[in-house]
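Okay, structure first, notes after.
Model, not experiment: these values are computed from the prediction. Lettering of chains follows the sequences in order, A, B, ..., and the numbering in each one begins at 1.
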Amino acid sequence: MNRPHPTRCYALADCNNFYVSCERVFDPSLKGVPVVVLSNNDGCVIARSPEAKAVGVQMGEPAFKREGFFRRHSVRVFSSNYALYGDMSQRVMSILGESAPRSEIYSIDEAFLDLAGLPDSTETHCQTLRQKVFRWTGIPISIGVGPTKTLAKIANRIAKKYAKFDGVFDLTNHPRMNDILAWLPVADVWGIGRRSVNKLGRHGVKTALDFARLPDDWLKKKMTVTGLMTAMELRGIPCFELELAPPSSKSLLCSRSFGRPVSSRTEMLESVAAYVSRAAEKLRGQGSVASWVKVFILTNPHKMELQYANARAMTLSVGTDHTPTLIKAAHSLLNDIYKPGYNYKKAGVMLAGIEPKATRQLSLLNLPPNTDDRDTTLMTCLDRINDRFGRSTLQYAATGLGRPWSMRQLRKSPRYTTAWHELPRVG
DNA sequence: TCTGGGGTCCTAGGACCC
DNA sequence: TCTGGGGTCCTAGGACCC
C-alpha cells in the first residue's frame with residue numbers, strides 16, 4: 001500500500017479564497033478585514049476571506065439571514081463579478097501553464113500540473129512559481145504535490161491549512177503517508193461526497209486510510225468503479241490522468257433565479273430568450289451545434305405558496321447554433337409548460353445533442369435552408385461585436401429591454417480589468 | 001423582500017431486437 | 001401445459017465536483 005509510482009508527479013495549484021483575492025487586488029482597503037463574495041442574485045456566501053472564516057461565516061449561508069451579523073462584524077460584502085474573476089483566472093492560468101510541460105485547467109481557480117522530470121527540486125520549483133503568480137497577478141496560491149491527482153489534492157489542503165509549509169506541501173514518498181491519511185476525514189477526499197460519507201460511516205469507515213484499505217471488490221460493488229479508482233489513487237496508483245485538451249461540453253445549461261418573482265408570460269418568454277442567447281454563444285464558442293433543447297421553470301421552493309415546476313424538451317431535425325432558431329424552439333416549449341397565476345423564481349435552458357458544426361449530421365428530409373451561410377455569417381458578426389464591446393452590446397429584441405426580472409447584484413465591484421470606463425484610476 | 005450556477009460520470013431499468 | 005437468453009441503446013436519477 002501507498003507505493004508511489006516513481007515516474008508520476010502531479011501538482012495541484014489552487015488560488016486562495018479566489019474571488020475574495022480578486023477583489024483585494026484592486027481594493028487594498030479589503031486587506032486584513034473580513035470579506036465575503038455572494039453567489040448570483042446575492043443569494044448565499046460562496047467565498048470568504050480568512051478573517052470572515054474566523055468570525056464564523058459559513059460557506060453557502062443565505063446572505064439575507066446574516067445581514068445583521070455582517071454589519072456587526074464589519075464584513076465587506078460583494079456580489080459576484082465574473083467578468084473580473086474570469087479575467088484574473090486567465091492571467092493566473094497562463095503563468096501556471098508555462099511552468100510545466102503539461103497542465104490541465106481544472107476549474108476557475110485550480111490547475112493540475114505535471115511536474116515529472118523537471119530539473120530543479122519540486123519544492124524550489126513550486127516556491128518560485130508561487131512567488132511569480134503573486135508578483136504578476138496579486139493572487140496568492142497554494143501548491144500540493146503527489147504521485148496521483150487525489151494525493152496532490154490532499155497535499156494542497158495541507159499546504160493551505162498550515163502556514164509553516166509556506167504554501168507548498170509535497171506528499172511524494174512521504175515517510176508519514178499513513179499517518180496523514182489516518183488524520184484526514186474521508187469526507188475530505190476528492191470524489192467522496194456527503195452521501196458516500198454517510199454510507200461509509202455506517203460501515204465504520206471514517207478516515208482516508210480506512211477508505212484506502214477497503215477491499216477492491218467491496219469498493220467496486222458499493223462505490224462503483226469511481227470509488228475504486230479513488231481508493232487506488234490514495235494508495236499511490238494513478239487512475240486519473242491529466243485532461244490536456246478538455247473536450248467540448250456535451251451539454252450546456254443557462255439558468256438564473258430572477259431578481260424578483262415573475263408571473264407574466266411576456267417576462268418568462270424574455271428571460272428564456274436571454275438564456276438561450278447566452279447558451280448559443282457558448283455553443284458557437286466551442287464550434288458546436290445542438291439538436292436538443294430543454295426548458296424548465298419553477299416557483300420558489302423555499303416559500304410557503306403554491307408550487308409549480310415543469311420541464312419540456314424537444315429534438316430538432318438538424319443541429320443548429322442559430323440563436324433565433326433556438327429561441328423559437330425554446331419559446332414553443334415554454335408555451336407548453338407555462339401556467340399563469342404562479343410566482344416563478346427561476347427558469348433555465350439546456351442544450352444537448354451537441355456535435356461539432358463541421359461534421360454535423362444533416363437530415364435527409366429536412367435539409368437546412370439555403371440561408372444557412374447567411375445565418376452563420378450573422379452569428380459570427382454578432383459574437384465578434386459582443387466580444388469586443390461587451391456581452392450585451394447586440395442582443396435580440398426577444399430578450400427584452402428593461403429586463404425587470406434580471407438577477408439582483410447590488411454590491412458588485414467595478415469590472416476593473418475588462419471595461420474601459422471601469423478601469424482603476426491612479427493618483 | 002431575500003436560499004447560485006454549470007458541469008461530468010455511472011448505473012439501473014425499460015424498450016427493443018434477434 | 002409450456003413462457004429463454006443475450007445484446008444494444010436510451011433515459012432518468014443519483015452522486016460528485018467547483
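- Distance CZ (F240(A)) to P (dC16(C)): 13 Å, rounded to an integer number of Å.
- Atom OG in S288(A) sits 6.0 Å away from atom CD1 in I354(A) (nearest 0.5 Å).
- Taking 4.0 angstrom as the limit, K346(A) places none of its side-chain polar atoms (N or O) nearer than this to OP1 or OP2 of dT3(B).
- Atom P of nucleotide dC17(C) and atom CZ of F18(A) are separated by 21 Å, given to the nearest angstrom.
- In this model, the phosphate group of dA15(C) is not approached by any side-chain N or O of K199(A) to a distance below 4.0 Å at OP1 or OP2.
- The residue V189(A) sits close only to the backbone: its heavy atoms come under 4.0 Å of sugar-phosphate atoms, none of a base.
- Backbone-only contact: L252(A) has heavy atoms under 4.0 Å from sugar-phosphate atoms and none from a base.
- Using cut-offs of 30° and 60° for the angle between ring planes, the F240(A) and W190(A) rings count as perpendicular.
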Which pairs would a plain distance check flag for residues 151-160 of chain A, meaning a side-chain donor or acceptor within less than 3.5 Å of a matching protein atom at least two apart in sequence or in another chain?
| from | atom 1 | to | atom 2 | distance (Å) |
| --- | --- | --- | --- | --- |
| K153(A) | NZ | E110(A) | OE1 | 2.6 |
| N156(A) | OD1 | K160(A) | NZ | 3.4 |
| N156(A) | ND2 | L12(A) | O | 2.9 |
| N156(A) | ND2 | S142(A) | O | 3.1 |
| R157(A) | NH2 | D188(A) | OD2 | 3.4 |
| K160(A) | NZ | D14(A) | OD1 | 3.3 |

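- With values rounded to the nearest 0.5 angstrom, L269(A) atom CG is found 12.0 Å from T399(A) atom OG1.
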- E267(A) vs R260(A), salt bridge (charged side-chain N to carboxylate O under 4.0 Å, His left out): CA-CA, chis, key distance, verdict: CA-CA 11 Å; E267(A) 289 184 9; R260(A) 58 139 169 85; 3.2 Å; yes

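- Taking side-chain N and O atoms only, K153(A) has a distance below 4.0 Å to OP1 or OP2 of dC18(C).
- Using the six-membered ring where Trp is involved, Y162(A) and W183(A) have ring planes that are tilted, between 30° and 60° apart.
- Residue S251(A) has no polar side-chain atom (N or O) positioned under 4.0 Å from OP1 or OP2 of dG6(B).
- Looking at heavy-atom distances under 4.0 Å, I108(A) makes no contact with the nucleic acid at all.
- Take the nearest nucleotide of DNA chain B for P62(A) and for L253(A): the residue whose nucleotide is more 5' is P62(A).
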- Message: What does the 5'-to-3' dot-bracket notation of DNA chain B look like when only Watson-Crick and G-U wobble pairs under 3.5 Å count, and pairs to other strands show as |?
- Response: ....||||||||||||||

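- Within 4.0 Å of E110(A), counting heavy atoms only, lie sugar-phosphate atoms of the nucleic acid but no base atom.
- Considering only side-chain N and O atoms, N300(A) lies under 4.0 angstrom from the phosphate OP1 or OP2 of dT3(B).
- Listed pair S255(A) / dG6(B) meets the phosphate criterion, a side-chain N or O lying under 4.0 Å from OP1 or OP2.
- Counting to the nearest Å, the C1' atom of dT3(B) and the CG atom of D42(A) are 12 Å from each other.
- In the set dT3(B), dT8(B), dC10(B), dT8(B) carries the atom at the smallest distance from any side-chain atom of K250(A).
- When the side-chain nitrogen and oxygen atoms of R66(A) are compared with OP1 and OP2 of dT3(B), none of them lie within a distance under 4.0 Å.
- What separates NZ of K282(A) from P of dG7(B) is a distance of 4 Å, to the nearest Å.
- In the set dC16(C), dC17(C), dG4(B), the nucleotide with an atom closest to the side chain of R195(A) is dC16(C).
- When rounded to the nearest whole Å, the span between NZ of K345(A) and C1' of dG4(B) equals 10 Å.
- Side chain of C254(A), nearest nucleotide from dA15(C), dG6(B), dC18(C): dG6(B).
- When rounded to the nearest whole Å, the span between CE of M229(A) and P of dT8(B) equals 16 Å.
- The CG atom of N343(A) sits 16 Å away from the C1' atom of dT3(B) (whole-angstrom rounding).
- Following rounding to the nearest Å, N198(A) (CG) and dG14(C) (C1') show an atom-to-atom distance of 14 Å.
- S196(A) comes within 4.0 angstrom of the backbone, heavy atoms only, and of no base.
- Comparing atom distances between the S39(A) side chain and each of dT8(B), dT3(B), dG4(B) picks out dG4(B) as nearest.
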Result block: side-chain N/O donor-acceptor pairs under 3.5 angstrom for residues 245-257 of chain A, not counting sequence neighbours:
none

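- Position along DNA chain B of the nearest nucleotide to T224(A) versus K303(A) favours K303(A) as the more 5'-ward residue.
- Listed for the R284(A) side chain is a donor-acceptor partner under 3.5 Å among the backbone atoms of D321(A).
- Atoms NE2 and CE, on H331(A) and M268(A) in that order, are 10.5 Å from each other to the nearest 0.5 Å.
- The separation of dG4(B) from dC17(C), taken at their C1' atoms, amounts to 15 Å, rounded to a whole angstrom.
- Residue S257(A) places at least one side-chain N or O closer than 4.0 Å to OP1 or OP2 of dG5(B).
- Closest approach to the S249(A) side chain among dT3(B), dG7(B), dG4(B) is made by dG7(B) (side chain taken as heavy atoms from C-beta onward).
- Backbone-only engagement by R256(A) is indicated by non-hydrogen atom pairs under 4.0 Å involving sugar-phosphate atoms exclusively.
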